[in-house]
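Here the structure comes first, spelled out in structure tokens, and everything after it is commentary.
As the structure lists them, so they are numbered: ligands from 1, and atoms in each ligand from 1. The residues of the chain are indexed from 1 along the displayed sequence.
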Amino acid sequence: MSFTVAIDGPAAAGKGTISKGVATHFGFAHLDTGLLYRAVGRRVLEGQEAVATAQALTAEELGQGDLRTAEIAQAASKVAVIPGVRAALVDFQRAFARRAGGAVLDGRDIGTVICPRAEVKLFVTASAEVRAERRYLELSAKGADATREQVLADVRERDARDADRSTAPMKPAEDAVLLDTSDLSIEQALAQAIALIQTKLP
Ligand code: CDP
């Protein structure tokens, strides 16, 4: 039996950590759909064509190298506005969502476009300043030499591009539950997500 949890929201809102925690707690599979766009973005930075790359993308590629760099994040949000790129990635995401045993997908359009009938929809947000600080700490811990100002500007630019695009813009589904993590610890945010999902389990 399938059970889908859709977790959307802007950059560095805590979607990834919450999704991993939820997947571990309930024994669901987890797909970070941002990695799909990041993998295409990386190939485009290497000179390849976006739509053909998305059509040929393999799951193995998502685990190769570090896709979570600032440069690849920007490239990802640029390829993510291209309708042909998005279309090429739909079937893989939907098949993942329907796998037996439950699935958590996190991204920007999971509750609105990819899985409009997901059993649970969460839209995770936090202020741009809080999100930029979290991403700054994450990047610094890996040794990347970013400044706080640069990371905040990057997050704002990417949010604007993601929210304003015409195909599958980032926005909460009408039936999504909003979770603002600005003043929550990761443990508190995860506990709220788990409590919500618990109420929807068959
Ligand atoms: O981790 P973070 O929230 O910073 O980004 P991500 O989830 O890895 O996504 C990187 C970029 O991919 C986003 O800025 C979006 O442009 C794009 N994306 C998308 O368009 N749709 C999704 N379902 C997931 C990501």
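Nearest heavy-atom pair, T33 versus G107, reported as atom, atom and distance to 0.1 Å: OG1-CA, 3.3 Å.
In this structure, D164 does not pair ionically with R161, as no charged nitrogen and carboxylate oxygen lie closer than 4.0 Å. Note on R43 versus E61: salt bridge recorded, some NZ/NE/NH1/NH2 to OD/OE distance being below 4.0 Å. The residues R156 and E129 are annotated as salt-bridged, a charged nitrogen and a carboxylate oxygen being separated by less than 4.0 angstrom. By the 4.0 Å N-to-carboxylate-O rule, R131 lies close enough to D159 to be salt-bridged with it. For the pair R68 and D32, the salt-bridge criterion is met [side-chain N within less than 4.0 Å of a carboxylate O].
Heavy atoms from other residues, nucleotides or ligands lying under 6.0 Å from CD of Q188 number more than 12.
Nearest to atom 25 (C) of ligand 1 by heavy atom, out of A73, S77, A6, G34, is G34.
For ligand 1, the atoms sitting less than 4.0 Å from at least one non-hydrogen atom of A80 are 16 (O), 17 (C), 20 (O), numbered in the order shown with element in parentheses.
For the ligand labelled ligand 1, residue M170 lies outside the 4.0 Å heavy-atom shell. Using a non-hydrogen distance threshold of 4.0 Å, R161 does not register as a contact of ligand 1. Under the 4.0 angstrom criterion for non-hydrogen atoms, G16 is not in contact with ligand 1.
Here the side chains of H25 and Q198 are in contact, with some heavy-atom distance below 4.5 Å. L122 is listed as a side-chain neighbour of L196, based on a closest heavy-atom distance under 4.5 Å.
The protein non-hydrogen atom at the shortest distance from atom 20 (O) of ligand 1 is R86 NH1, 2.8 Å. The protein heavy-atom contact nearest to atom 8 (O) of ligand 1 is R38 NE, 2.6 Å. If you check which protein heavy atom lies closest to atom 10 (C) of ligand 1, you get R158 NH1, 3.6 Å. The single protein non-hydrogen atom nearest to atom 18 (N) of ligand 1 is Y37 CD1, 3.6 Å, given as residue, atom name and distance. Looking only at protein heavy atoms, the nearest one to atom 7 (O) of ligand 1 is R108 NH1, 3.1 Å. Closest to atom 24 (C) of ligand 1, if we only count protein heavy atoms, is T33 OG1, 3.4 Å. In this structure, the protein non-hydrogen atom closest to atom 16 (O) of ligand 1 is D162 OD1, 2.6 Å.
Of all the heavy atoms of R68, the ones lying under 4.0 Å from any atom of ligand 1 belong exclusively to the side chain. Here K15 has side-chain heavy atoms under 4.0 Å from ligand 1, and that is the only part of it that gets that close. Neither the backbone nor the side chain of R131 comes within contact range of ligand 1; no heavy atom lies under 4.0 Å. Heavy atoms of A11 found under 4.0 angstrom from ligand 1 belong to the backbone as well as the side chain.
At distances below 3.5 Å, not a single donor-acceptor pair connects side-chain atoms of S2 with backbone N or O atoms of A100.
No side-chain donor-acceptor contact under 3.5 Å links Y37 and R108.
The shortest N or O to N or O distance between G107 and ligand 1 is not under 3.5 Å. In terms of polar-atom proximity, defined here as any N/O pair under 3.5 Å, D32 makes no such contact with ligand 1.
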